[in-house]
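Some notes on the structure that comes next.
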Amino acid sequence: MKVKRYRIIAFVLTAMMLCLFGGAFGYGAASKVYAADTKQSDSWEDRTGEVTVGDFTECDLIRVDTLDEIISEESPQPTDDEIQEAMAGAGNGSIVNRDWYSYSSKYFYQALSSQQKLLYQDMYAYCMYYLVTEDSNSQSPANYKTVGINAGGQIKYESLTRFFKYTDYGLSYYAQADQVFMVFLYENPQFYFLDAQYYRTNDGMYMTFYDRFANSTVRARTTNDIFTKVDSFAAKVAAEKTDYDKVKRAQQLICDNNDYAWSMQIGYTEYYDQSIYSSILMGKTVCAGYSKGTMAVLRKAGTKTITVTSSNHAWNMVKVGANWYNLDTTWDDDTSGKNYPVNYYFLIADANLTYYDSTSESHILNPDWTLLGKPVCLRNYSSDTFMNPAYSTSKTDPDARNEFKKTYIPQVTPEISLSSKTFEYTGGVIRPAISVKAAGTVLNASQYTVAWPDSKDIGKYTVRVTLNSACGYTGTGTAQYVINPKKTSISKIKAGSGSLKIKIKKGGKSTTTGYQIQYSKKKSFGGKKTVTLKSYKKNSKTVKGLKSGKKYYVRVRTYKTVKGKKYYSAWSKVKKVKVK
């Protein structure tokens, strides 16, 4: 669907709003926000009828924040409306069995260092888990969570990924990881739930996911919706006879499917326009959505395609015949073609790309893409140039799927249930019966290993359970149980005048530190009094100051002190005695 060129003013409004909220979107002196076009600066009437006028500042495509601390964790689920929207019109097909690699590129991946590639591969395996996993179990880690964080002094909630520690990959500086994230984000449009924002700490990074897709069942249906449509577009593209016609058909499908609009303009609180969710399902997107959608369709149709960016814009390069050319689907999606004719940005050389974009500088390439070997296009497409390899230079565009065989196994804390948490000393090793759950699912004994303590003596013991990867999860959990002294008894009790003489069955030195006597005039032991005998040898006591003629209830127990903590036996049977 064609759109008018005043779309940049939509960004003006967004930029002003971002300035109001400042630190929530950036770090340091310059906030980093999402991509926008910068072709002109007119008034733009927004959907509320208000007119906004202003200058805009060039902004980066990727938002980066410094994470100060994680403060809490929550588990919000999508609203009913979001669930219904995500499930509406769902298609058929298995999300697991799709060839997910076919939507992506590894053109720039090949230029990364070996250490950077390891990080990229782990990020890929992690995102693949969330792309293909559907689990109706509400406790499954496939239902990711939002985390309360402090970033730049502001408290907000984000769906953070696992922590990727720089040193685990041999990276010594965060800029190396920054480069990996940029390449990963734009080479893998299939990970539509991956936001363009991430958080740094001193020694690692977290990516973020869109909260909207937190529930794995909703996400699975959304995944199927998106890629059923991508595949239908790709089939139409593949049916064209020439490379030129295939690229032209892809551009037409993406443009007809979309209006240029920021998510903020149409009432969303998350920036879906940075994802192919916007350009394929919503039909409202910006340059990031246009370029990622174009890339997914062309790649699936078998046409070599990559995405590159400037500080504030994203577009594609495609291989037609023997050469690579620039393709800016966003800027060729024009209503009138009066000032910026359609196809100005269709299969053109690098020099013409910046020449046509004479004032906005939106096509001044991010230098990282050049460092990583971006194709160089020397001439516009023509029947004379497209088969002559002299008109562009490039790296090979490899099929590296064999390097992406890793499977991410989510880490959970197993839930351990013991048959009892307290036991009486027997002189032998005590091991309670055990039951283990992972993510709410009961496991059989072959799916975990148990490290038992030598639980023979009186004291507290910890049993450790480690999940086997065969259960689909990894993780370790612990549970504790206590062995208390053996119960004793009252061996003799004698009533005296206002007193009771109580003798306790003596315990052994290894199992008894001392004794307690408890007495009360009430059977319930309300208003009870307790006497402690601090040596296992002293096992009798005369309790004085009692009321003559009154009945008293008496019970005793032993205790053992282990590492400064007292462990008590159960109380003995109660004896009732009348004081003289």
Side-chain angles (χ1 to χ4, degrees), residues 23-28 32 62-76 109 112-131 133 139-185 187-188 191 193-211 213-214 216 219 270 404 406-414 438-439 466-467 469 472-478:
F25 295 92
Y27 71 99
K32 297 194 171 191
I62 297 171
R63 298 180 300 159
V64 184
D65 254 318
T66 297
L67 177 63
D68 298 319
E69 62 176 330
I70 297 177
I71 56 175
S72 65
E73 188 169 293
E74 295 184 348
S75 303
Y109 162 82
L112 298 173
S113 70
S114 58
Q115 293 90 347
Q116 288 177 308
K117 285 181 178 179
L118 292 176
L119 174 57
Y120 188 116
Q121 289 165 13
D122 276 1
M123 291 163 61
Y124 190 94
Y126 184 87
C127 289
M128 278 299 298
Y129 171 81
Y130 288 97
L131 182 64
T133 303
Q139 298 182 55
S140 171
N143 300 314
Y144 55 77
K145 300 177 180 180
T146 65
V147 178
I149 63 174
N150 181 343
Q154 291 196 351
I155 306 302
K156 50 186 174 179
Y157 290 89
E158 296 285 0
S159 294
L160 298 185
T161 65
R162 57 155 282 205
F163 183 63
F164 294 90
K165 190 174 182 180
Y166 303 142
T167 54
D168 288 348
Y169 303 95
L171 303 179
S172 58
Y173 190 58
Y174 67 77
Q176 296 170 301
D178 288 356
Q179 190 177 62
V180 174
F181 179 77
M182 181 187 74
V183 173
F184 183 81
L185 181 68
E187 284 196 334
N188 294 283
F191 300 136
F193 45 82
L194 177 63
D195 200 345
Q197 178 173 11
Y198 70 98
Y199 291 87
R200 294 192 195 120
T201 68
N202 289 332
D203 57 353
M205 60 178 284
Y206 297 89
M207 298 186 291
T208 58
F209 287 165
Y210 291 118
D211 300 345
F213 312 114
S216 68
R219 190 170 61 252
E270 291 189 303
F404 292 89
K406 287 185 180 180
T407 300
Y408 172 70
I409 302 177
Q411 184 171 349
V412 300
T413 301
T466 301
L467 301 179
S469 59
Y473 304 107
T474 183
T476 300
T478 60

Note to self: Looking only at the aromatic ring of each residue, does the gap between the centers of F193 and F213 stay below 6.0 angstrom?
What the structure shows: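 No, they do not, as the ring centres are separated by 6.0 Å or more.
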Check: Do you know which two heavy atoms are closest between T146 and S159, and how far apart they sit?
Finding: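 Reported closest heavy-atom pair: CG2-OG, 3.4 Å.
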Does a side-chain heavy-atom distance below 4.5 Å link [X] with [Y]?
X    : Y    : answer
T466 : T476 : yes
D195 : R63  : yes
F163 : D203 : yes
Y144 : T161 : no
P410 : Y130 : no

Checking side-chain polar atoms at under 3.5 Å, does [X] have a donor or acceptor matched by the opposite partner on [Y]?
X    : Y    : answer
E158 : Y199 : yes
N188 : Y120 : yes
Y157 : D211 : no
Q176 : Q115 : no

Check: Only one of T66, D65, D178 forms a side-chain hydrogen bond (donor to acceptor under 3.5 Å, both in side chains) with R200, so which one is it?
Finding: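 That would be D178.
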Margin query: Around atom NZ of K406, are there more than 12 heavy atoms from other residues, nucleotides or ligands closer than 6.0 Å?
Written below: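 Yes, enclosed.
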Check: Which word best sums up how the rings of F191 and Y124 line up, parallel for under 30°, tilted for 30 to 60°, or perpendicular for over 60°?
Finding: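 Plane angle over 60°, so perpendicular.
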Note to self: For F404, run the ring-ring contact (aromatic ring centres under 6.0 Å, His included) check against F184, Y126, Y109 and tell me which one passes.
What the structure shows: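 The passing option is Y109.
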